[in-house]
Amino acid sequence: MKEPTAQITPLPQFQRVHQQRFTIEYDYPVYFTERVFGIGNAAFCEALSRKEPNKRHRFVVFVDENVAAYRPDLVGDITAYAQHYAQKLELVATPELVPGGEPVKNDPQLVERLQRRLLDLGIDRHSYVVGIGGGAMLDLIGYVAGTSHRGVRHIRVPTTVLAQNDSGVGVKNGVNAFGVKNFLGTFAPPFAVLNDIEFLTALEPRDKIAGMAEAVKVALIRDAVFFAWLEAHADELVAFQPQAMAYMIRRCAELHMRQIAHGGDPFETGSARPLDYGHWVAHKLEILTHHALRHGEAVAIGLALDSRYSVQVGWLSGGEEVRICALLEKLGFRLWHPLLEKRHDDGNLAVLVGLREFREHLGGELTITLLRDIGVGAEVHEMHEGETPAKTTQSPMIASTETTAPVT
Ligand SMILES: NC(=O)c1ccc[n+]([C@@H]2O[C@H](COP(=O)([O-])OP(=O)(O)OC[C@H]3O[C@@H](n4cnc5c(N)ncnc54)[C@H](O)[C@@H]3O)[C@@H](O)[C@H]2O)c1
Ligand SMILES: [Zn+2]
């Protein structure tokens with residue numbers, strides 16, 4: 001009997017598919033500590049040694065100039081710390097000062113200078129780059145570390161409220177380029193983060209307050225109990241009472257970390273970014289004001305606006321937005337900025353262009369987080385642009401001409 005012939009046409013070479021797949025696990029500790037470079041505090045040494053305890057670890061340190069100005073002893077402290085822990089640590093050069101604040105993210109020459117410095121110091125993929133500073137300076141240092149040798153280990157020591165409770169504990173780094181904020185950047189989790197509350201005492205009151213907006217934000221989308229705590233302790237926070245500040249920062253950082261680890265999209269490949277609640281407005285206002293508004297100050301306005309909008313589309317119960325605005329105002333935020341009323345020549349409100357830019361930055365579908373309740377954020381894919389925002393500090397809004405529930 002004749003064997004049946006198999007009718008299989010082999011795939012042409014160019015159509016063969018070999019499926020590649022692997023997963024990488026990330027883990028990094030976030031310490032909440034005091035006097036991080038005090039000789040008696042082993043946390044920093046422990047953080048660098050945690051994967052290879054028997055090795056001597058090379059590290060280089062960059063310090064935000066404005067931090068060093070308030071802590072003239074800091075460079076000496078770091079050097080003494082490295083000497084004390086010399087069995088485990090090798091400081092490869094005297095800690096270097098780098099300018100701080102948003103302008104530091106606008107300087108490509110500085111990026112190149114720092115990358116070259118890592119090359120000259122022989123920083124390899126097993127050495128550490130340590131950044132001590134505000135969120136802007138840490139974004140820069142993380143980017144320099146993340147792009148040198150395709151990624152060098154970096155350690156963050158955040159020194160502002162916002163950097164300790166939000167940006168410093170996350171996985172993003174970046175600099176501004178071609179006039180676009182954070183256009184160049186990396187998703188590169190830090191090797192460790194050390195939050196030292198002592199740094200905050202030197203901060204301008206304005207910078208202490210600004211970071212609290214991120215705590216209100218994450219409470220609004222994820223944790224009603226934390227929101228009630230913020231309301232109950234607003235007076236202590238306004239007075240920068242240390243215990244209240246420490247708890248606010250820790251809880252806020254914890255909620256951000258949980259969202260990154262368990263929200264299903266740590267490197268933001270999808271369209272939803274719940275931690276950016278209120279941020280489409282904020283990003284636009286920061287640009288419109290040429291950064292005269294701090295990020296947190298702009299976020300507070302964005303939170304108020306999107307809370308009001310959540311009420312208008314029938315998600316959040318009426319009155320809750322007043323509660324939200326009352327907390328923000330009690331913390332010291334102004335919930336109005338004249339540029340909210342700026343119009344382009346075509347009559348459109350400039351701030352609403354922020355919606356389109358937000359979508360362009362993320363790619364994909366427009367996805368904005370709104371509130372179903374205090375503590376419960378949910379995503380929508382359209383927003384109705386309507387009339388001029390009403391000018392009131394209690395309830396800024398984009399008035400909607402339609403009241404149809406947004407598509408979820
Ligand atoms: N990577 C992320 O995930 C992420 C998230 C949110 C925000 N960010 C970025 O963070 C930046 C904002 O960070 P920020 O709010 O910390 O502001 P910032 O870094 O601009 O710091 C504000 C000012 O305070 C100074 N400063 C820092 N620490 C100080 C201290 N202890 N004492 C005195 N002065 C001090 C800084 O030099 C600066 O002049 C923005 O660039 C924003 O884009 C990044
Ligand atoms: Zn933010």
Side-chain angles (χ1 to χ4, degrees), residues 36 62-72 74 97-107 131-143 146 154 156-176 180-190 193 195-218 220-221 240 245 249 252-253 256-257 259-260 266-268 273-283 285-287 291-303 358 361 369:
V36 66
F62 297 102
V63 185
D64 189 317
E65 250 170 32
N66 296 319
V67 177
Y70 287 104
R71 291 280 302 271
L74 184 60
L97 305 192
V98 173
E102 192 65 28
V104 83
K105 290 173 65 171
N106 294 327
D107 182 356
I132 304 174
M137 188 267 189
L138 292 185
D139 270 5
L140 162 75
I141 298 299
Y143 177 65
H154 75 284
R156 299 196 193 119
V157 182
T159 59
T160 62
V161 172
L162 186 130
Q164 292 196 357
N165 71 8
D166 178 345
S167 71
V169 303
V171 296
K172 294 186 279 185
N173 307 283
V175 293
N176 311 327
V180 180
K181 196 166 154 78
N182 299 327
F183 184 72
L184 299 177
T186 54
F187 282 91
V193 182
N195 276 338
D196 179 346
I197 197 148
E198 264 193 13
F199 282 115
L200 306 184
T201 50
L203 274 178
E204 306 236 353
R206 192 180 169 191
D207 285 308
K208 288 186 188 164
I209 294 166
M212 296 183 200
E214 303 289 359
V216 176
K217 169 203 76 183
V218 78
L220 282 174
I221 59 160
F240 310 126
M245 289 294 282
I249 288 170
C252 179
H256 277 82
M257 288 166 69
Q259 178 64 37
I260 291 167
F267 287 178
E268 297 175 0
R273 281 168 59 165
L275 290 176
D276 275 352
Y277 175 58
H279 278 55
W280 69 269
V281 180
H283 289 160
L285 271 180
E286 283 181 85
I287 305 264
H291 296 282
L293 272 185
R294 296 280 203 268
H295 177 71
E297 292 167 343
V299 167
I301 294 174
L303 299 181
F358 196 71
H361 179 63
T369 301

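In each ligand, atom 1 is the first atom listed, and ligand 1 is the first ligand listed.
Among protein heavy atoms, the minimum distance from atom 23 (C) of ligand 1 is reached at Asp207 OD2, 4.0 Å. Of the protein's non-hydrogen atoms, Gly135 N, 3.7 Å is the one closest to atom 14 (P) of ligand 1. When only non-hydrogen protein atoms are considered, atom 3 (O) of ligand 1 lies nearest to Lys172 CE, 3.5 Å. Protein heavy atom closest to atom 41 (O) of ligand 1, with residue, atom name and distance, is Glu102 OE1, 2.6 Å. The nearest heavy-atom contact from the protein to atom 20 (O) of ligand 1 is Gly101 CA, 3.3 Å. Atom 43 (O) of ligand 1 has as its closest protein heavy atom Lys181 NZ, 2.7 Å.
For the pair Asp166 and ligand 1, the shortest N or O to N or O distance does not fall below 3.5 Å. At under 3.5 Å, a nitrogen or oxygen of Phe199, whether backbone or side chain, sits near a nitrogen or oxygen of ligand 1. On a distance-only criterion, Asn173 and ligand 1 share no N/O pair closer than 3.5 Å. Residue-to-ligand polar distances keep Tyr70 apart from ligand 1: every N/O pair is separated by 3.5 Å or more.
Screening the protein for N, O or S atoms under 2.8 Å from the Zn ion (ligand 2) yields 3; no waters enter the count.
Atoms of ligand 1 lying under 4.0 Å from at least one heavy atom of Asn66, given by number and element, are 25 (C), 36 (C), 37 (O), 38 (C), 39 (O). Listed by number with element, the atoms of ligand 1 under 4.0 Å from a non-hydrogen atom of Ala202 are 32 (N), 33 (C). Near Gly100, meaning under 4.0 Å from one of its heavy atoms, ligand 1 places the atoms 37 (O).
A side-chain donor from one of Asn176 and Glu102 sits under 3.5 Å from a side-chain acceptor of the other. Looking only at atom types and distance, the side chain of Lys172 has no donor-acceptor partner in the side chain of Asn182 under 3.5 Å away. Of the N and O atoms on the side chains of His295 and Glu214, at least one donor lies less than 3.5 Å from an acceptor on the other residue.
Both the backbone and the side chain of Thr159 come within 4.0 Å of ligand 1, counting heavy atoms alone.
Thr369 is not listed as a side-chain neighbour of Asp276, based on a closest heavy-atom distance of 4.5 Å or more. Residues Phe187 and Asn173 form no side-chain contact, since every pair of their non-hydrogen atoms from C-beta on lies 4.5 Å or further apart. Between Ser167 and Leu138, every side-chain heavy-atom pair lies at or beyond the 4.5 Å cut-off.
A side-chain donor-acceptor contact under 3.5 Å links Gln164 to the backbone of Asp196. Side chain of His256 to backbone of Cys252: a donor-acceptor contact under 3.5 angstrom is found. When atom types are taken as modelled, the side chain of Asn165 and the backbone of Gly211 share a donor-acceptor pair closer than 3.5 angstrom. Between the side chain of Thr159 and the backbone N or O of Gly134, at least one donor-acceptor pair lies under 3.5 Å.
Within the set Asn176, Asp139, Thr160, the minimum heavy-atom distance to atom 27 (C) of ligand 1 is found for Thr160. Across Ser167, Ala136, Pro158, heavy-atom proximity to atom 6 (C) of ligand 1 is greatest for Ser167. Between the choices Val169, Leu203, Val299, Asp276, the shortest heavy-atom distance to atom 35 (C) of ligand 1 belongs to Leu203.
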Step by step, work out the side chain to side chain contact (heavy atoms under 4.5 Å, CB included) result for Val299 and Tyr277.
CA-CA 8 Å; Val299 167; Tyr277 175 58; over 6 Å; no
Hey, mind stepping through Val63 and Val98 against side chain to side chain contact (heavy atoms under 4.5 Å, CB included) and telling me if it holds?
CA-CA 6 Å; Val63 185; Val98 173; over 6 Å; no
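Around the CD atom of Glu198, the shell of radius 6.0 Å holds more than 12 heavy atoms that belong to other residues, nucleotides or ligands.
Annotation: cation-pi pair Lys208/Phe240 present, NZ/CZ under 6.0 Å from the ring centroid and within 45° of its normal.
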